[in-house]
Structure formats: C-alpha cells, structure tokens
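Index from 1, following the sequence. Order of appearance sets the numbers: ligands from 1, and atoms from 1 within every ligand. These numbers come from the heavy atoms of this one structure, side chains and all, not from hydrogens, waters or symmetry mates.
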Amino acid sequence: MRLSAAQLEQYERDGFVVLPGLFSAGEVDLLKSELARIGSIETDHIIRERSGGVAKAIYRAHEADGPTASPVFRAAVRAPRMLGPARDILGDEQLYIYHCKCNLKTAIDGSIWQWHQDFGTWRHDGTPSPDLTTGLVMLDEATEANGCLYFIPGSHRLGSLEPELDDTTTSYRLWVVPKARLIEIMEQSPEPVAITGKPGDVVFFHPNILHGSGHNMSRHDRWQAYFVYNRVANRPRDVQNPRPDYVRSTNFAPLEPGDDDIAAPVGQHT
Ligand code: SIN
Ligand code: MN
C-alpha cells in the first residue's frame, strides 16, 4: 500500500494521517493473543504499572529472537500496508525498526502518558534528525474514557522542544515538555484532537508531534501497538550509556517488504 499525495500533504500539515481498517478483526485477535501470551513473561523488555504489576509497555515483539519475540509482530512490521506508507512518508526505501512498543493501557489500571514529543527521547539516544515515523495500530476501540491518544495538530512544525526528564509520574521515565512551555504552545495552537478509532485502524504520526494520553477510567482495555520506522541513514550515533537494544535497536538491516498475510511466519513465503 502506498499513500496518495493528499494523504502525504495531510501528514505534512497536521503531523499525522489516519488509515482506517488496515487490519482485520481476525488479525487484531491474533496480535492481541500474542501480547496476552508475552505479557506473563518475566523480562526487562516489559514495563509494568506500579499498581498491580500489569504490563504497561511490551518492547521488541518484532524480532526473531529475545524473550518477547513474536512471528506475527515480525510479519506485521514488514507487511506492505505498514512498510509502504512509512517509506512514502520518509521518502526512503532503506528503513529499519527503531523499536516496536505495545502499550496495554489496561482497564482501570492503565496510566497516563504525559505530553511529550517522541524525538525528545530519541535525540538523547543520539538520533541525528527527526526522520522517523510511527505507525500506531489500534488493537481495541480507543475512546476518550479508556485513554486514547491526543495530538496537537501541526505541533510537529515547532521542531524539537527542550524537554525535561519526568521519572516520577509513572513507572516509565519520559522526556516531557515542561508545563509552562506546554501551556504557552497550547494557547497558540488548535485544540488537541482525540485519536479515537476502531480495532485495526492505523495512524502514522511525526516524532515531533506533541501528544499524550490520560488514565484509563473505563472497564475496557485500550491496547495499541507502535511500530517506529527510522531511515538506516539516520541511525543513532554513539552515545555514552546507550539505552538497551529493545528501545534503541541496533539491528540496522533494511527491512525487506514481507507478505500481507501476517499469520504466516516470515521466511516461509516465496
Ligand atoms: C506514547 O506516546 O509513547 C504512548 C502513548 C499511549 O500509548 O497512550
Ligand atoms: Mn510518544
């Protein structure tokens, strides 16, 4: 699948583009059953909520090895319907997965993600420029009550803002936009938009778009997968004490397009 000129224009203007119904109900069930299986594994690739220890984020489901490996996720990141739009957005065929993160914002327990730009963290990883794009796959219906994402449209055009490290609000350390600067930006921006949608919907978004999400106040889970594509040419430079491979991948081999049949393990296609 490739994006139209209108879709690319929308991405450039707003910092995101919505692609409804990219995964079928059966595929979503398959992806979710993989995450349910992986969620019970004890590993540092899984960040858990402080309350109750349920999985908040599962990393590195997309590789062939490691504790969280899943052949279905490995196929999904290579599926032409994901890799094609990522290539169009970044204008490059040589892409690799910076990381694959699945946020299981569980009913009642699932906690907030403070307002931030993803590149606020990734530049500390040594990544030269914001030449990345993230494909968000909705695995449940995302609603305002269960903690859907919010975007400030067009905020990616502000460039990279000076972040501060918040290591107290949740179990996940995050480089966030300081409150005073955030409010100043919000006063001059369109209202944040709620990224609600159905299971199987996909949203590609820019690493500098300002985004965040609230606590899950509902009885419904809000699981989402995030496939972050980076240009091989934009791979991180050496930094002292780099973050682990599951968040800052060192597998820079360019992705070969796979099959859109994600149920069949990668490598078994002709
Ligand atoms: C993120 O911004 O990295 C995650 C936000 C969410 O899953 O709500
Ligand atoms: Mn983010």
S.K.: Can you list the ligand 1 atoms lying under 4.0 Å from a non-hydrogen atom of H116?
M.R.: 1 (C), 2 (O), 3 (O)

S.K.: Specify the protein heavy atom at minimum distance from atom 1 (C) of ligand 1: its residue, its atom name, and the distance to 0.1 Å.
M.R.: K101 NZ, 3.6 Å

S.K.: To the nearest 10 degrees, how large is the angle at the Mn ion (ligand 2) between H211 NE2 and H116 NE2?
M.R.: 90°

S.K.: Is the closest side-chain donor-acceptor distance between E144 and Y150 under 3.5 Å?
M.R.: yes

S.K.: N/O of Q224 under 3.5 Å from N/O of ligand 1, yes or no?
M.R.: no

S.K.: Against S213, only a single residue in Q114, Q224, K105 fulfils side-chain hydrogen bond (donor to acceptor under 3.5 Å, both in side chains); can you say which?
M.R.: K105

S.K.: Should the ring pair F205 and Y226 be called parallel, tilted or perpendicular, given that the plane angle runs from 0 to 90° and is split at 30 and 60?
M.R.: perpendicular

S.K.: Tell me which N, O or S atom of D118 sits nearest to the Mn ion (ligand 2).
M.R.: OD1

S.K.: Can a salt bridge be assigned to the pair E164 and K179 using a cut-off of 4.0 Å between side-chain N and carboxylate O?
M.R.: no

S.K.: Backbone, side chain, both or neither: what part of Q117 comes under 4.0 angstrom of ligand 1, heavy atoms only?
M.R.: neither

S.K.: Please determine if R81 and E27 form a salt bridge, counting it only when a charged side-chain N lies under 4.0 Å from a carboxylate O.
M.R.: yes

S.K.: What protein heavy atom sits nearest atom 8 (O) of ligand 1, and how far off is it?
M.R.: S213 OG, 2.6 Å

S.K.: Would you mind checking if D245 and R60 are paired as a salt bridge, meaning a charged N to carboxylate O distance below 4.0 Å?
M.R.: yes

S.K.: Should the pair H99 and Y59 be assigned to parallel (<30°), tilted (30 to 60°) or perpendicular (>60°) ring geometry?
M.R.: perpendicular

S.K.: Please could you name the atoms of ligand 1 that L149 approaches to less than 4.0 Å, counting only its heavy atoms?
M.R.: 5 (C), 6 (C), 8 (O)

S.K.: Can you tell me which residue and heavy atom of the protein come closest to atom 7 (O) of ligand 1, and the distance to 0.1 Å?
M.R.: Y226 OH, 2.6 Å

S.K.: May I ask you to list the residues sharing a hydrophobic cluster with L165, side-chain cutoff 4.5 Å, ordered by chain and number?
M.R.: W175

S.K.: Can you report which non-hydrogen protein atom sits closest to atom 4 (C) of ligand 1, along with the distance?
M.R.: N103 ND2, 3.0 Å

S.K.: Within ligand 1, which atoms have a heavy atom of R222 less than 4.0 Å away?
M.R.: 6 (C), 7 (O), 8 (O)

